[in-house]
Visitor: 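Can you keep this structure in mind? I'll have questions shortly.
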Amino acid sequence: MSSSSPPDGVDLRDGALGENLVELGLVSVWAGLWAREGLGRRERSLVTLGVLIALGTEDELASHVRIAQRNGLTESEIAEVIYHASGYAGFPRAMAARKAARAALDRLPEQRDAKETR
């Protein structure tokens, strides 16, 4: 993976309106912030989930839930971030985050496969 692209399996490009906005994000956020030393990807995912919950950006949160799993966070740890955020960002934001996280986790093929074998 290059430093200016998100983790494998996460493609933010769709060729539709505003495609250049995605490119700006890839350059300034992925290449600029995520490549910095000081925090690993796992820790950056923890911080990012908390910030996105506080901002109430469920669409972005859904993408970052999937990224967080690829960066090593477990479903239980993602749930803990949501629980913890409820005390700081508020219960409605935490409930919206819970809904977005559940939807994002349902879309992961390995999650669907695991649920089907239970």
Side-chain angles (χ1 to χ4, degrees):
M1 174 176 80
S2 74
S3 62
S4 65
S5 62
D8 294 336
V10 178
D11 189 2
L12 304 173
R13 297 176 185 105
D14 61 8
L17 177 74
E19 186 70 12
N20 289 337
L21 183 61
V22 173
E23 291 302 318
L24 287 171
L26 290 173
V27 170
S28 65
V29 178
W30 288 107
L33 294 176
W34 281 77
R36 290 178 52 84
E37 293 182 18
L39 292 175
R41 288 183 179 266
R42 186 176 193 287
E43 291 78 17
R44 288 188 192 280
S45 280
L46 286 167
V47 172
T48 302
L49 291 176
V51 170
L52 294 175
I53 292 167
L55 291 172
T57 56
E58 290 82 22
D59 289 342
E60 189 75 10
L61 177 68
S63 294
H64 278 277
V65 164
R66 294 187 297 274
I67 292 167
Q69 278 208 313
R70 287 182 180 87
N71 286 339
L73 269 69
T74 66
E75 192 170 323
S76 296
E77 290 170 323
I78 293 167
E80 272 310 312
V81 172
I82 295 169
Y83 299 144
H84 191 72
S86 71
Y88 294 89
F91 188 73
R93 291 262 165 100
M95 289 301 289
R98 175 180 170 251
K99 181 178 177 182
R102 284 181 170 185
L105 292 169
D106 254 4
R107 284 192 291 234
L108 289 172
E110 58 271 17
Q111 291 291 331
R112 280 195 307 272
D113 293 343
K115 286 180 183 176
E116 289 171 5
T117 59
R118 289 184 200 166

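Everything numeric here is computed off the predicted structure, so don't read it as measured data.
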Visitor: What residues form a ring pair (Phe, Tyr, Trp, His ring centres under 6.0 Å) with Tyr88, not counting sequence neighbours?
Guide: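 Only His84 meet the ring pair (Phe, Tyr, Trp, His ring centres under 6.0 Å) criterion with Tyr88.
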
Visitor: Which pair of heavy atoms, one from Glu58 and one from Ala96, lies closest together, and at what distance?
Guide: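 Closest approach of Glu58 to Ala96: OE2-CB, 3.0 Å.
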
Visitor: Looking at CG of Leu52 and CG of Asp59, how far apart are the two atoms once the value is rounded to the nearest 0.5 Å?
Guide: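 The distance works out to 11.0 Å.
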
Visitor: Is there any side chain to side chain donor-acceptor pair (under 3.5 Å) pair reaching into residues 44-56, and which pairs are they, with sequence neighbours excluded?
Guide: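 Found Ser45-Asn71.
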
Visitor: Report the distance from atom NE2 of His64 to atom OG1 of Thr57, rounding to the nearest 0.5 Å.
Guide: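 Answer rounded to 0.5 Å: 8.5 Å.
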
Visitor: Looking at Ala62 and Ala100, what are the two nearest heavy atoms and their distance?
Guide: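 So the two residues come closest at CB-O, 4.1 Å.
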
Visitor: Test your reading of the model: is there a side-chain donor-acceptor pair from Glu43 to the backbone of Gly40, 3.5 Å cut-off?
Guide: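 Here the side-chain-to-backbone pair exists.
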
Visitor: Report yes if the side chains of Val81 and Glu77 come closer than 4.5 Å at any heavy-atom pair, otherwise no.
Guide: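 No; the side chains remain at least 4.5 Å from each other.
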
Visitor: Looking only at non-hydrogen atoms, find the nearest pair between Leu49 and Val65 and report the distance.
Guide: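 That closest heavy-atom pairing would be CD2-N, 3.9 Å.
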
Visitor: Atom CZ of Arg102 and atom CD1 of Ile82: how far apart are they, to the nearest 0.5 Å?
Guide: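 Separation between the atoms: 9.0 Å.
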
Visitor: Could you state the interatomic distance from CD (Gln69) to OG1 (Thr74), rounded to the nearest 0.5 Å?
Guide: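 Gln69 CD to Thr74 OG1: 8.0 Å, rounded to 0.5 Å.
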
